[in-house]
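Below is one structure, written out as structure tokens; the observations come after it.
Model, not experiment: these values are computed from the prediction. Below, chain A is the first sequence line, B the second, and so on; all start at residue 1.
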4 protein chains.
Amino acid sequence: MSEQLRFEQKPRPIPAATHRKVLEAAAELLSGKGYPSVTIEAIAAKAGVAKTTIYRWWPSKAAILLDLFDTIGTEQLTDPATGNVAGDLKVYLKALLGLMSGTIPGEAAAGMFAEAQGDPAMKDEVCAHFSEFRQIVLNQIVDRALSSGDLRRDVDRRLIEDLIIAPFWYRLLIAHEPMSAEECERHIDVVLSGLAP
Amino acid sequence: MSEQLRFEQKPRPIPAATHRKVLEAAAELLSGKGYPSVTIEAIAAKAGVAKTTIYRWWPSKAAILLDLFDTIGTEQLTDPATGNVAGDLKVYLKALLGLMSGTIPGEAAAGMFAEAQGDPAMKDEVCAHFSEFRQIVLNQIVDRALSSGDLRRDVDRRLIEDLIIAPFWYRLLIAHEPMSAEECERHIDVVLSGLAP
Amino acid sequence: MSEQLRFEQKPRPIPAATHRKVLEAAAELLSGKGYPSVTIEAIAAKAGVAKTTIYRWWPSKAAILLDLFDTIGTEQLTDPATGNVAGDLKVYLKALLGLMSGTIPGEAAAGMFAEAQGDPAMKDEVCAHFSEFRQIVLNQIVDRALSSGDLRRDVDRRLIEDLIIAPFWYRLLIAHEPMSAEECERHIDVVLSGLAP
Amino acid sequence: MSEQLRFEQKPRPIPAATHRKVLEAAAELLSGKGYPSVTIEAIAAKAGVAKTTIYRWWPSKAAILLDLFDTIGTEQLTDPATGNVAGDLKVYLKALLGLMSGTIPGEAAAGMFAEAQGDPAMKDEVCAHFSEFRQIVLNQIVDRALSSGDLRRDVDRRLIEDLIIAPFWYRLLIAHEPMSAEECERHIDVVLSGLAP
DNA sequence: CTATAACCGAGACGGTACGTCCGGTCTTACG
DNA sequence: CGTAAGACCGGACGTACCGTCTCGGTTATAG
């Protein structure tokens with residue numbers, strides 16, 4: 001009875017061809033006619049794949065976008081590790097900006113976000129991914145800064161990270177006036193000047 | 001008697017009864033079965049109003065929520081004017097928190113936000129309303145702080161306001177882990193400590 | 001000058017201007033975009049008249065068409081009275097053909113007819129008008145033919161008239177392949193050859 | 001008669017269950033609350049079928065009625081082939097009368113007819129079906145009569161058939177005073193007396 | 001020479017049905 | 001078998017007209 005559990009640890013090997021076709025179709029639709037045109041039906045049609053197949057591997061439309069998002073995002077965000085907190089954060093933020101400025105991930109992010117409303121399960125999953133996005137690299141940078149003494153240690157870590165990253169997402173997703181590269185830099189400068197020990 | 005010059009076309013106001021019935025229905029649905037249950041059909045049914053009537057006065061579902069949002073919001077957010085920047089901001093932020101914690105405006109905000117994606121016109125309108133929300137009171141507080149010398153004047157005003165307000169919305173709408181009242185206070189403290197002259 | 005409006009026993013004198021504007025609008029719509037575009041709303045808009053006004057004077061859309069139909073029709077169908085049955089009938093039928101070939105009355109007739117289905121009251125009214133159309137002149141011709149001995153008297157009068165007129169309407173309204181003028185003539189010839197004493 | 005070419009023809013046949021449910025629902029509505037109550041929505045509801053399903057298989061409401069009409073009609077109108085023209089025609093006409101006197105096909109015919117106005121495509125289709133109705137059996141009878149010498153050969157075939165069938169439809173659909181069985185017989189007698197060689 | 005009533009335009013209203021779109025499930029047939 | 005193709009139910013969409021119903025504003029008699 002327990003031997004089954006061993007094999008269920010990795011229950012989902014999405015066939016590579018299907019995976020690729022679906023994500024490509026979603027990407028094309030996103031960059032083509034924008035988020036509202038991204039429907040499961042359209043994706044299935046464009047990918048030359050049956051709706052059934054999509055539902056088999058992805059629980060919802062947002063899951064596809066999430067997948068797409070990850071695929072694109074993870075390979076472009078790395079820890080600069082320049083040895084300088086301000087520099088690291090600026091590089092990181094501008095990389096994120098560059099990433100999100102492209103139609104595909106920008107649309108995908110906004111769409112995912114919208115989709116997540118009203119569906120608690122989806123909400124959690126989306127949040128987790130977003131957090132990961134924020135954390136993987138940001139955490140490392142903040143970690144270094146804290147241990148090297150470049151950041152105040154009397155401030156909650158979460159609060160620090162929010163101060164750094166929140167304005168970015170706020171401007172991008174809520175105010176719909178994304179920060180410019182210059183604003184990113186100034187933003188980091190101001191935040192760090194306030195968080196210096 | 002001179003002819004009436006009808007060059008000025010002032011659009012008719014929404015009849016009070018209709019306006020009230022529709023917003024009430026929307027509010028009930030929001031607080032009842034949540035955002036996904038808020039459809040124009042459901043609103044029309046619950047309000048005892050024809051769908052056509054709704055479409056006559058509101059261009060979209062989001063417009064209704066926007067309307068609801070304004071109606072509820074504007075009467076609850078006032079300038080504390082305690083004479084103390086930190087105090088003012090804390091009161092303001094906690095008032096906003098209190099307002100957004102209620103199911104109705106919270107759901108409405110998230111829903112509006114989601115709805116705004118993909119429709120540029122709606123996006124602009126939603127942004128404008130959100131900005132107003134942020135600005136009307138926040139601006140006054142920041143104004144006073146700047147003129148009284150409680151805030152650095154070498155930092156872009158927009159950046160200041162974003163630092164104050166972005167984490168709030170980010171936590172509420174994107175991270176879906178709204179700030180607590182304590183976090184609001186600490187947040188203001190940290191931001192102000194960094195923005196003090 | 002005062003006795004002009006003395007007789008108010010008939011409560012409905014449709015104001016001439018309104019009457020004209022409405023019928024003209026209906027006619028324009030009929031000949032323009034065809035029967036389906038003839039809606040009360042469209043008529044009202046085109047006539048520059050309030051819907052209320054139309055409903056005040058006409059009980060239904062079909063009533064308007066009926067009115068239009070009468071206005072056009074009655075002035076164009078007269079008894080030829082050439083002294084020859086066949087000639088009379090041919091002239092009559094071809095006059096009717098000419099009348100119905102114009103887009104306006106043709107569309108109106110078909111529309112009226114369609115409209116009459118399902119509404120018994122309307123059905124009766126439409127039938128009455130159609131019958132009148134058929135009878136006023138046709139009756140006179142058949143009367144003369146019967147009394148002059150040009151038609152068999154052992155056949156039911158209704159049957160005779162149906163044989164003459166039914167194929168015309170059938171071809172026009174049901175088969176939608178209206179008789180040509182030549183077919184009208186041949187038709188009369190054949191019918192009369194069978195109905196000669 | 002018409003053979004289904006399953007190997008060459010792409011369009012799938014309507015699934016039998018769907019077909020049956022929809023036609024039955026339409027028939028019930030027709031015989032129940034009359035033609036005006038026959039809406040696509042009502043049919044869908046009564047049949048327990050989605051509107052989309054109906055639109056998938058039938059282009060319009062009239063198409064459904066046409067279908068219903070055919071289904072009912074074709075199985076009840078057969079060539080009597082008594083060897084006698086007059087007899088054949090009388091049987092045929094009275095069968096048609098019987099068929100059309102039932103609420104369902106009567107209402108359906110009138111409704112279809114009304115519906116066909118204004119939509120040229122539908123008009124053609126309706127006409128084709130009506131013609132078929134008229135022709136399949138009527139043609140055979142007239143054929144026999146012509147070859148056996150029971151009918152004049154100097155008269156256009158179309159004219160002959162119109163003389164036979166037009167009064168029937170005219171009385172039924174236009175005058176709304178359907179022929180009685182006796183009138184059918186007398187009508188045939190008169191027509192044949194005029195068309196005898 | 002008003003007043004009063006009929007009539008008008010404008011158009012909002014509750015409704016019904018339309019035809020379309022998409023979501024998510026279930027079925028069929030092929031490879 | 002898995003998978004493509006796609007039919008299916010359901011629900012919401014936004015639109016078109018329906019026929020009813022206030023609204024003011026204008027004539028145009030009737031007092």
Side-chain angles (χ1 to χ4, degrees), chain A residues 15 17-18 21 36-45 47-61 115 119, chain B residues 1 3-4 6 12-15 17-19 21 36-45 47-61, chain C residues 1-2 4-5 8 11-15 17-18 21 36-45 47-61, chain D residues 10 12-15 17-19 21 36-45 47-61:
Chain A
T18 302
K21 281 192 292 183
S37 76
V38 181
T39 63
I40 301 240
E41 305 232 312
I43 293 175
V49 142
K51 274 202 294 177
T52 330
T53 305
I54 293 183
Y55 282 110
R56 197 186 328 278
W57 301 113
W58 291 272
S60 73
K61 181 168 57 174
E115 204 77 5
D119 179 350
Chain B
M1 272 174 64
E3 296 287 334
Q4 290 181 3
R6 304 210 174 190
R12 297 192 177 193
I14 301 179
T18 301
H19 198 251
K21 281 192 292 183
S37 76
V38 182
T39 62
I40 301 238
E41 301 231 313
I43 294 175
V49 142
K51 268 200 297 177
T52 19
T53 301
I54 294 183
Y55 283 110
R56 197 184 337 271
W57 301 114
W58 291 274
S60 72
K61 183 167 53 176
Chain C
M1 60 197 286
S2 60
Q4 186 175 345
L5 296 173
E8 286 191 9
R12 299 184 192 179
I14 297 185
T18 301
K21 281 192 292 182
S37 75
V38 182
T39 62
I40 301 243
E41 303 232 313
I43 294 175
V49 142
K51 274 201 295 176
T52 332
T53 304
I54 294 183
Y55 281 110
R56 201 189 326 278
W57 301 115
W58 291 273
S60 74
K61 181 168 57 176
Chain D
K10 186 74 176 175
R12 298 192 175 194
I14 300 179
T18 302
H19 198 252
K21 282 191 290 183
S37 77
V38 181
T39 61
I40 301 238
E41 302 231 312
I43 294 176
V49 143
K51 271 200 295 177
T52 20
T53 301
I54 294 183
Y55 283 110
R56 199 186 334 273
W57 300 113
W58 293 272
S60 72
K61 183 168 53 176

Along nucleotides 21-31 of chain E, 5' to 3', which nucleotides get a B, which get an S, and which get a -, given that the test is a protein heavy-atom distance under 4.0 Å? BBBBBB-----
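Atoms OG1 and CH2, on A:Thr53 and A:Trp58 in that order, are 9.0 Å from each other to the nearest 0.5 Å.
Side-chain N/O atoms of B:Lys21 include none lying less than 4.0 angstrom from OP1 or OP2 on E:dC13. In this structure, C:Trp57 reaches the E:dC8 phosphate: one of its side-chain N or O atoms is under 4.0 Å from OP1 or OP2. For the OP1/OP2 pair of F:dC9 and a distance below 4.0 Å, the side-chain nitrogens and oxygens of D:Thr53 include at least one atom meeting the criterion. Dashed line: the shortest gap from a side-chain N or O of A:Arg56 to OP1 or OP2 of F:dG2 is not under 4.0 Å.
Rounded to whole Å, atom P of F:dC17 lies 13 Å from atom CD1 of C:Ile54. Atom CD1 in C:Ile43 sits about 16 Å away from atom P in E:dA10, given to the nearest Å.
Contact of the A:Ile40 side chain with the A:Tyr55 side chain is registered, since non-hydrogen atoms from C-beta on lie closer than 4.5 Å. No side-chain heavy atom of B:Lys51 sits under 4.5 Å from any side-chain heavy atom of B:Ile54.
Shortest non-hydrogen contact noted between A:Ala42 and A:Ser37 is CB-O, 3.6 Å. Minimum interatomic distance between C:Ala44 and C:Ala50 (heavy atoms only, all atoms of both residues): CB-C, 4.3 Å.
When each of A:Gly48 and D:Thr18 is assigned the nucleotide of DNA chain F with its nearest heavy atom, A:Gly48 is the one assigned upstream, toward the 5' end.
In this structure a side-chain-to-backbone donor-acceptor pair under 3.5 Å is present from D:Lys61 to D:Val38.
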